[in-house]
Number of protein chains: 2
Amino acid sequence: MKDDETNDELVVAFKALGHPTRLAILGWLKDPTSFPPQDQPAETVGVCLKHIQARANVSQSTASQFMATLQRAGLVTCTRIGQWSHYQRNEEQIARLGRLIGSSV
Amino acid sequence: MKDDETNDELVVAFKALGHPTRLAILGWLKDPTSFPPQDQPAETVGVCLKHIQARANVSQSTASQFMATLQRAGLVTCTRIGQWSHYQRNEEQIARLGRLIGSSV
DNA sequence: TCGGTAAATAGCGATACTGCGATATACTGC
DNA sequence: GCAGTATATCGCAGTATCGCTATTTACCGA
């Protein structure tokens, strides 16, 4: 039916989504090409933190924490290349979350 | 694409779901017959607050606030009959939320 | 190795959420 | 009206979250 582990996992995900800026960031990441160009193409490695920070209009530390929260929730993955951290949506997990609403929830 | 109103609405819903007890309650309401019997059948009018409170093992005021939060998020509806408030899932809204994950989110 | 840049973490005040007891409101039966 | 029950709301202390600056860590090129 619904084990407690799944429940805890869902709570973490919902908490992460329960913030306007974090929710918006996840939406922005659907179109990585809308961000400024970067060394590695955003379509393949993800969007550089700096660009996310700029669009969200928050401090560097806040942007970093937002992405860490989304990552802990399994909603995004991080690819570090050199000194840059690139973030992209974890479509598999997001789709799974959508499926759980209505079944587990 | 995704207007701010929808975004705000989603944030409220996700905040409501980002709590282990509230998430569990929403799951329990999928099977109203698992609750103790009551004057009006739970399948049709919803589950009495007292029964939700008992299963969640929280105080009366906490249970009332939990349900108010879920109701504000549009995830449950309340049917007041006499002195009893009955709560049931708003399947339409829940399904809509599931659909928005992956499209709007 | 050193200076510069990107990101993560520490620490902090402000704010929001949590869950409770106490109280107020609403309804019922007598 | 009155006593009893069910629920909603108030006010509070404890806790967690928020977003920042300052600092630390990690990586790069010269």
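Letters go in sequence order (proteins before strands), and every chain restarts at 1.
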Tell me yes or no: between the side chains of A/Q40 and A/H86, is some donor less than 3.5 Å from an acceptor?
no
note: A/N57, atom CG; D/dG19, atom C1'; distance rounded to Å ~ 12 Å
If the cut-off is 4.0 Å, is B/Y87 near the phosphate of D/dA8, judged by side-chain N/O to OP1 or OP2?
yes
Between CD1 of B/I25 and P of C/dG19 the distance, given in whole Å, is 10 Å
Rounded off to whole Å, could you give me the CE-to-P distance for the A/M67 and C/dA8 pair?
9 Å
Could you check whether B/H19 and A/F14 have their ring centres less than 6.0 Å apart?
no
Answer yes or no: does a side-chain N or O of B/H86 lie under 4.0 Å from OP1 or OP2 of D/dA6?
no
Counting only side-chain nitrogens and oxygens, does A/S85 get under 4.0 Å of the OP1 or OP2 atom of C/dA8?
yes
Between B/W84 and A/R80, which has a closest nucleotide on DNA chain D that is more 5'?
B/W84
Please tell me which of the listed nucleotides, D/dT7, D/dC18, C/dG11, lies nearest to the side chain of A/Q65?
C/dG11
Rounded distance (Å) that lies between atom P of D/dA16 and atom CZ of A/R72:
14 Å
Suppose we call a contact any N or O donor and acceptor under 3.5 Å apart; does that hold for the side chain of A/Q83 and the base of C/dT5?
yes
Any idea which of C/dA8, C/dG11, D/dA8 is nearest the B/L49 side chain?
D/dA8
Any-strand Watson-Crick or G-U partner of D/dG4, both distances under 3.5 Å
C/dC27
When rounded to whole Å, the NE2 to C1' distance for the pair B/H51 and D/dT5 reads 13 Å
Once you round it to whole Å, what is the distance between C1' of C/dC20 and CD of B/Q53?
12 Å
Strictly below 4.0 Å: does A/T62 bring a side-chain N or O up to OP1 or OP2 of D/dG19?
no
Would you call B/K30-B/E91 a salt bridge at under 4.0 Å N-O?
no
Whole-Å distance separating the NE2 atom of A/H19 from the P atom of C/dT15
15 Å
Go nucleotide by nucleotide along DNA chain D from the 5' end; which of A/G18 and A/S61 gets its closest nucleotide reached first?
A/G18
Spacing of B/I52 atom CD1 relative to D/dT7 atom C1', expressed in whole Å
12 Å
Are a donor atom and an acceptor atom from the side chains of A/S59 and A/T62 found within less than 3.5 Å of each other?
yes
Kindly say whether B/T77 contributes a backbone atom to a donor-acceptor pair with the side chain of B/N90 at under 3.5 angstrom?
no
Between the side-chain atoms of A/Q60 and the base atoms of C/dA8, is any donor-acceptor pair under 3.5 Å?
yes
So, is A/R22 close to the D/dC18 phosphate, meaning a side-chain N or O under 4.0 Å from OP1 or OP2?
yes
